[in-house]
Amino acid sequence: MSKDKKAIEALEDLGKDLVKTVLSNKPPVLNVPIRALSNTMYNAKSQTLELGDKVSERNFFNVAHSKKFLQTLEVAAVSKDLLNEGKHASLRDVFYMIKRTIPNTKTNVVDDQPESDDAIEDLEVLSGYSREQLNINANKMGSVAGHVVIEDKGDEIDWSKLGSGGWSIPSNVEEIKFKKVKAKYVIYMEKAAVWERLHEDKFWDKQNCIIMSSQGQTTRGIRRLLQRLSQEFDLPIYILADADPWGYYIYSVLKYGSINLAHMSGSMTLNTAKFLGITVDDIEKYGLKKHLITFKDVDLKRLEQLQNYEWFKSNKEWQRQFKMMKALKAKAEIQALSSRGLSFITDKYLPEKIRNKDWIE
Amino acid sequence: MSKADELAKKQKDISVAEFFERNRHLLGFDNKRKALLTVVKEAVDNSLDACEEAKILPEINVQIVEMGNDRFRITIEDNGPGIIKKQIPNIFAKLLYGSKFHTMKQARGQQGIGISAAVLYAQLTTGRPAKIWSKTGSDKPAQYFELHIDTQTNNPEIVKEEEIDWKKKESGVKIELDIDATYQKGDQSVDSYLKQTAIGNPHATFIYTNPKAEQFIFARATDNLPKEPTEIKPHPYGVELGIMLKMLKNTECRTLQSFLTQEFSRVGPQTAKDICDAGGLFTNMKPDELQLPHVEKLVEGIKKTKIIAPSTDCISPIGEELLEKGLRKEINAEFYTAVSRSPDVYRGIPFVIEVAIAYGGAQTADEPVRMLRFANRVPLLYQQGACACTKSVVQTNWRPYGLSQSQGSIPMGPLTIVVSLVSVWPPFTSEAKEAVAHYPEIIKEMKLALQEAGRKLGAYVNKKRRVADQQERVSIFENYIPEVAQALAKLSGTGKERIIECMRNMLEKNKEYIQAHKEAHKVEKKEHVDREGQISLTGFENDE
């Protein structure tokens, strides 16, 4: 049975179970696992965040739940159609596909996209299939370059011959076949601007590596792609992010999984990921002291949260970083390195860090 | 010539016209719009007072015709007892002439200034005389007068006087005045005044033709006249030095003792003696021989003496039932209630507070509530902010009764609040009688009445909300069922109609199910308590 068939079956089972309840005159109820920190557990053995077993009962005959109940089923129906027709829809598409006014009311099935996005995530936990497997894709975000040749939907793509933009990473990378991978490691960076700097300096060519970035939040496509490169080709993954709580959390999500997507941790975490920089030590070592940004209250709060996350608690090196940052009360962006010269990052900083194995695990 | 002689030359009588010019704002003639209202109001107040005194159910016809150039002809006709020929000139064309000023009795008019001020205003703005028709019985001839006021001497000037045949008229008075004015609709218009008067006087019928030639008939809601208020003597606590001096001068009593017992209410021989003792005066002193220091002592003595509150049967409130009826016939709402408090006293003067509210219906929900204020059944249209009625509404917390209200302001909601004060002498903030003065006793009574009415309102509003919630809940499910069924049908392959049918059945049963569920929950809770009780009981035994 194909993957799609299995997903369709899962959705059908979801529907059949509910119909069975209804036909036996019981109120239909969805038991949706709670996706919040309170129901997220850190598995020290596998080093990933896992979803706990707390579920919230969503009863159709409860005014507070009816709408969400409907939204989840609507999304499931849309997804079943998509799978049957072999088509893919974006999150935005799905929003419009289910958005309509319920007859005789002034209520819309959904008013904002976050509502349908949320329903899709609920459907993931309910069906056990990721949204990509349900033929729902996020927007493309992020670029990659390197000496890699892949095959995607029958097209052969060479990541080294794509001009200044690089290859943009799709939301679903499951079907991609790697034809040739010639690299010693992968650097993933938080910022597109830094990626462009590295790309212009042909860093990936000089250093024989793969460079990858997204703008801001790391998408699922990127996380999966990194995982595949790590697992299938045994490439070390280095993370380059700002020296602030938000940058460190990007590393945390990549390595251990995110609270929101704890149900998908298995297919996305990167236990081997290493934090290359910017570390608090780098601030001193590379003379960035004059180019810091003072902490705001929110930064400090976030830092304290990070300090208390279970997966960081037992990590002495990270606790040392947090402590130093707390004392410093300031953060440094990757671009602060440009104060030492535009190509300082490609000529000196990165090669030196990698050569000296100057990273945090 | 001495300076004093020079000054004496300038000193002369002030003519009433001059007095009026300078004080027109005190009498309600501040501007042209208000003048129109004041003229109508004074005439209507007099007509109502007259009808009630004669025990006639009032039927009052008000007509306003626009004659161009801001000039209006106002005609007001009643079915009252009429006025005898001799009195007509004085009543209509002499300021400060009246019967009510000297009595302690609940009435609309007080000072004897209102209708003559209206006549003077007409004379000063248009020069036209006031036209008066009066008939005192079906077998008697009617009198017709055209009157001016001599503005130098404040005496009536009869322009024309004749006996006429007023056919088909039992008895009554009609007055016609031409005045400078402007007509505008709105809360402070004649239209609004008459509508409110109809609410506060459910025993009266008004027929009103406004300047736009629209006719309104406010029919009476009851054929019972209000109980006639009785006249009472002043209570000592309400009498101040000036009035006391006047009373001492006018009395026929020979001794202070008899003066106190006969001219005041609630003063017997013992109380009179107590007052004299407290003031250091003798009971056998002659009232006309008392000097100012003595009178001051007398007033002091009254303050120090305990005197029982005045009797309160002298006032005649509208009554809960009639007030509600009055509101019901003029305001389209869904819930009405009225509260009538028992009488209380301020400064020795008895008063009664009544409150009525009309909720919902055609009234707008997102505006401040509409306030109707009455003093002795006369609507108060101006100075809302300065009025004790407003203050007590603001100080009442309306939120528990289902209205929204921000701190220190009038609540918002589809609501009309009537606050009515009846008293032998309603205290106003000024002569224009536009706002009730802030006596703590009055505000306290108003708040108690408002709270009582508010509680009834709250019970209604909350019940309505519960019912609406329940209905909305059911309608949510009813509307969602086809949508959910469609999605389920697609996912499961089961027919949509079958799923809909099943879910609808369940909804029908679910209403009972929820109820049953609630009951079960209660029982469970009770059991839990019982068990706890048991535990504590056994614990107690163990201790022993």
Side-chain angles (χ1 to χ4, degrees), chain A residues 7-30 58-84 97-110 119 123 126-127 134, chain B residues 364-366 402 414 461-525:
Chain A
I8 290 172
E9 213 162 73
L11 294 175
E12 283 175 351
D13 286 346
L14 184 72
K16 279 176 185 162
D17 281 350
L18 286 169
V19 170
K20 218 163 106 190
T21 319
V22 169
L23 294 184
S24 60
N25 284 319
K26 281 183 199 137
V29 174
L30 288 170
R58 206 161 281 167
N59 185 339
F60 172 71
F61 285 109
N62 177 335
V63 197
H65 299 164
S66 319
K67 196 171 173 186
K68 277 222 151 187
F69 187 93
L70 176 59
Q71 287 168 348
T72 311
L73 288 184
E74 286 282 334
V75 170
V78 163
S79 172
K80 190 187 171 191
D81 282 348
L82 288 172
L83 288 164
N84 275 331
M97 286 162 87
I98 68 169
K99 185 181 191 298
R100 62 170 190 281
T101 307
I102 297 168
N104 305 322
T105 68
K106 284 174 188 162
T107 325
N108 295 324
V109 176
V110 279
L123 185 63
L126 279 167
S127 67
L134 297 170
Chain B
T364 44
D366 47 358
V461 172
N462 289 331
K463 189 179 163 197
K464 189 184 163 191
R465 190 171 293 159
R466 271 201 305 279
V467 171
D469 280 358
Q470 181 80 30
Q471 269 171 358
E472 198 193 310
R473 221 168 280 169
V474 170
S475 82
I476 283 178
F477 296 138
E478 272 167 3
N479 292 320
Y480 277 36
I481 283 174
E483 309 298 312
V484 167
Q486 190 176 342
L488 278 178
K490 190 176 270 176
L491 288 173
S492 67
T494 311
K496 180 183 166 186
E497 294 308 320
R498 199 166 156 221
I499 301 173
I500 290 181
E501 198 193 311
C502 254
M503 290 183 86
R504 285 217 170 118
N505 282 340
M506 218 180 299
L507 179 60
E508 269 312 305
K509 281 181 196 147
N510 207 42
K511 290 175 194 164
E512 292 157 30
Y513 163 79
I514 287 171
Q515 201 58 39
H517 186 71
K518 264 187 187 163
E519 294 300 324
H521 195 67
K522 260 185 212 161
V523 172
E524 216 167 86
K525 234 182 182 175

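The chains referred to below are lettered A, B, ... by the order of the sequence lines, with proteins before strands, and numbering in each begins at 1. Computed from a predicted structure; not experimentally measured.
Residues of residues 495-502 of chain B that come within less than 4.5 angstrom of chain A, heavy atom to heavy atom, are B/Arg498, B/Ile499, B/Cys502 in numerical order.
In this structure, CD1 in A/Ile102 is found 12.0 Å from CD1 in B/Ile481, a value given to the nearest 0.5 Å. Here B/Lys490 contributes atom NZ and A/Glu74 contributes atom CD; the two are 8.0 Å apart, rounded to the nearest 0.5 Å. The distance from the CG atom of A/Asp81 to the CG atom of B/Leu491 is 9.0 Å, given to the nearest 0.5 Å. One finds the CD atom of B/Glu483 at 11.5 Å from the CD1 atom of A/Ile98 (value rounded to the nearest 0.5 Å).
Applying the salt bridge (Lys or Arg N to Asp or Glu O under 4.0 Å) rule to A/Asp17 yields no partners; only residues at least two apart in sequence or on another chain are considered. Contacts of B/Thr494 classified as side chain to side chain donor-acceptor pair (under 3.5 Å), with partners at least two apart in sequence or in another chain: B/Ser492. For the ring pair (Phe, Tyr, Trp, His ring centres under 6.0 Å) test, residues two or more places apart in sequence or in another chain that qualify with A/Phe69 are A/Phe60.
Looking at A/Asn62, only its backbone comes within 4.5 Å of chain B, counting heavy atoms on both sides. Looking at A/Lys80, the atoms closer than 4.5 Å to chain B (heavy atoms on both sides) all sit in the side chain, from C-beta outward. Using a 4.5 Å cut-off between heavy atoms, A/Lys67 touches chain B through backbone and side chain atoms alike.
Counting heavy-atom pairs closer than 4.5 Å to chain A, the top-ranked of the candidates B/Ala489, B/Ala487, B/Ala485 is B/Ala487.
When all heavy atoms are compared, the tightest approach of A/Thr107 to B/Tyr480 is CG2-OH, 3.6 Å. Scanning both residues, B/Met503 and A/Val22, for their nearest heavy atoms gives CG-CG1, 3.6 Å.
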